[in-house]
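In what follows, every chain begins at residue 1, and chains take the letters A, B, ... in the order their sequences are listed.
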There are 2 protein chains.
Amino acid sequence: MSKERQLRKQEEVRNTILDAARDIIAKDGIRGLSIRKITNAIDYSPAIIYHYFKDKNEIVETLVREGYERILASIGSVKRNENEPEKEIREAFTRYIAAALESPEYYRAVMLNDDPAVLKRTRLLEKGISERSQTLQMLCSSIQRGVNQGRFTPCDIELTAQILWTSTFGLIIKLMVEKDISRDQVNRLIDHQFTVLFNGIMSRNEV
Amino acid sequence: MSKERQLRKQEEVRNTILDAARDIIAKDGIRGLSIRKITNAIDYSPAIIYHYFKDKNEIVETLVREGYERILASIGSVKRNENEPEKEIREAFTRYIAAALESPEYYRAVMLNDDPAVLKRTRLLEKGISERSQTLQMLCSSIQRGVNQGRFTPCDIELTAQILWTSTFGLIIKLMVEKDISRDQVNRLIDHQFTVLFNGIMSRNEV
DNA sequence: TTATTTCATTGAACACTGTTTAATTATAAA
DNA sequence: TTTATAATTAAACAGTGTTCAATGAAATAA
């Protein structure tokens, strides 16, 4: 009966560590995270970390994955727009951009393989990748629908999806790096980007 | 008379350090660069670094700027195509992509403010930014010409230039991160990206 | 309750990082 | 040869991630 309590206690300490790490990352960034900072914050010895995690990687990975899933989840609730798939796509990307800009640390870590700790993107994205490819699949089906309806120019669906994705990705990173852009300019950039891209993939008579 | 020799000797040692650093970066990345690695390679004591450079930053900055200039230079020699500005733009970007992929470490460091050492993007890009905006200007004038000729849809020139730039940037980073993409797939991505983008900015009757 | 086993926690060390200071060596000028 | 100047270094400091043997406490068995 104390086996449970023991496990619960374990989980509790584990979460305490993660919470502290989350706070530190929020304040000092992933780079600013250190084992001793964590253990100072929670009044433990540095060695304790290795009783609850394999290494520092595992902590960062856990939090980064958490952050990335939050970003991907933002797309999930986009409602289908049967007749105008481009609006559906646009809505999804708009949310995606907003979510990414809200957790820039985590987005960067995943997309850019950024932080020193997380060297093995593969392991980090075991789950993330499947969710991403799922999202990519959604995007593909929207494009396919657009093509079938004659709204979009016939094209290699997956390639087109990747282009949309990549361009959006570039925009996000740009917005992240250049921190001194006005909210207004950000919106104009996003808007114009979509204009060009959709203008590029949509049939002439639909524009 | 030995004043020269002395200065020459200084420059020599400085270059020795930079050469060693360059090698290490090429092998282990900017993250893998350390003062002791450098000094071991050139059989000096770690402290010597601080006689020739202010700190590690200065070394990284020097090399990053060097690498970035090489990348920007790749665009310089693109010949104007009076009647088909889109081809001119495409050629410039194609070279830019190739150059960036040849020095990925440096490109990342400059564009993503990536490496732990270089924290002050401002200082690093003092020159970089002016060169970049010069390049951006070239891009703008090409677009303007396209608009004037009726080949491109009337638009906010600078905004459009930024979109092209940003999208290309996203593509480059994607290609960098996902190392296991075939040369063929890379070309298809680049090709399709341009197709979509130009299709998006060019006038209907020109496509 | 006592003895034993199991688990959580830590102190201390190791190897690495960038950096600084005082001391040392080598080289030039007097 | 002596003096002054510049180049070079040894040693230390504070920080990093990580390991391991020793300690503490709590759960189980006697």
- Pair listing, salt bridge (charged side-chain N to carboxylate O under 4.0 Å, His left out) test, anchored in residues 181-200 of chain B, at least two apart: D156(A)-R188(B), R90(B)-D191(B)
- Can you tell which of F169(A), Y68(A), Y107(A) makes a ring pair (Phe, Tyr, Trp, His ring centres under 6.0 Å) with Y96(A)? Y107(A)
- When you look at E82(A) and R145(A), which way does the salt bridge (charged side-chain N to carboxylate O under 4.0 Å, His left out) test go after all the steps? CA-CA 8 Å; E82(A) 222 41 74; R145(A) 204 178 337 132; 3.7 Å; yes
- Message: I need the CZ-P distance between F53(A) and dA8(C), as an integer number of Å.
- Response: 14 Å
- Under 4.0 Å: is that the gap between some side-chain N or O of H51(A) and OP1 or OP2 of dT9(C)? no
- Query: Given atom CZ of R31(B) and atom C1' of dT16(D), what is their separation to the nearest angstrom?
  - Reply: 15 Å
- Message: For a quick test of reading the model: is some side-chain N or O of Y44(A) closer than 4.0 Å to OP1 or OP2 of dT9(C)?
- Response: yes
- Message: Set out, in order, the CA-CA distance, both residues' side-chain angles and the distance that settles salt bridge (charged side-chain N to carboxylate O under 4.0 Å, His left out) for R70(A) and E102(A), then state yes or no.
- Response: CA-CA 10 Å; R70(A) 194 172 46 238; E102(A) 264 173 36; over 6 Å; no
- Within less than 4.0 Å of OP1 or OP2 of dA27(D), is there a side-chain N or O belonging to Q6(A)? no
- Whole-Å gap separating P (dG15(D)) and CG (N40(A)): 10 Å
- Message: Could you tell me how far apart R8(B) (CZ) and dA28(C) (P) are, to the nearest whole angstrom?
- Response: 12 Å
- Query: dG17(D) P sits how many Å from I59(A) CD1, rounded?
  - Reply: 9 Å
- Task: Mind calculating the distance between CD1 (I42(A)) and C1' (dT9(C)) to the nearest angstrom?
- Result: 12 Å
- Nearest-angstrom distance from the residue atom CD1 of I30(A) to P of dT16(D): 17 Å
- Note on the structure: In 5'-to-3' order, the base (B), backbone-only (S) or no-contact (-) status of each nucleotide in nucleotides 11-26 of chain C, using a 4.0 angstrom heavy-atom cut-off, is B-B---BBBB------
- Item | Crowding at CD, E158(A) (>12 non-hydrogen neighbours, <6.0 Å) | no
- Query: Is there a donor in the side chain of R95(A) and an acceptor in the side chain of S77(A), or the other way round, less than 3.5 Å apart?
  - Reply: yes
- Message: Tell me the interatomic distance from I17(B), atom CD1, to dT9(D), atom C1', rounded to whole angstroms.
- Response: 14 Å
- Message: Can you classify the ring geometry of W165(A) versus F93(A) as parallel (below 30°), tilted (30 to 60°) or perpendicular (above 60°)?
- Response: perpendicular
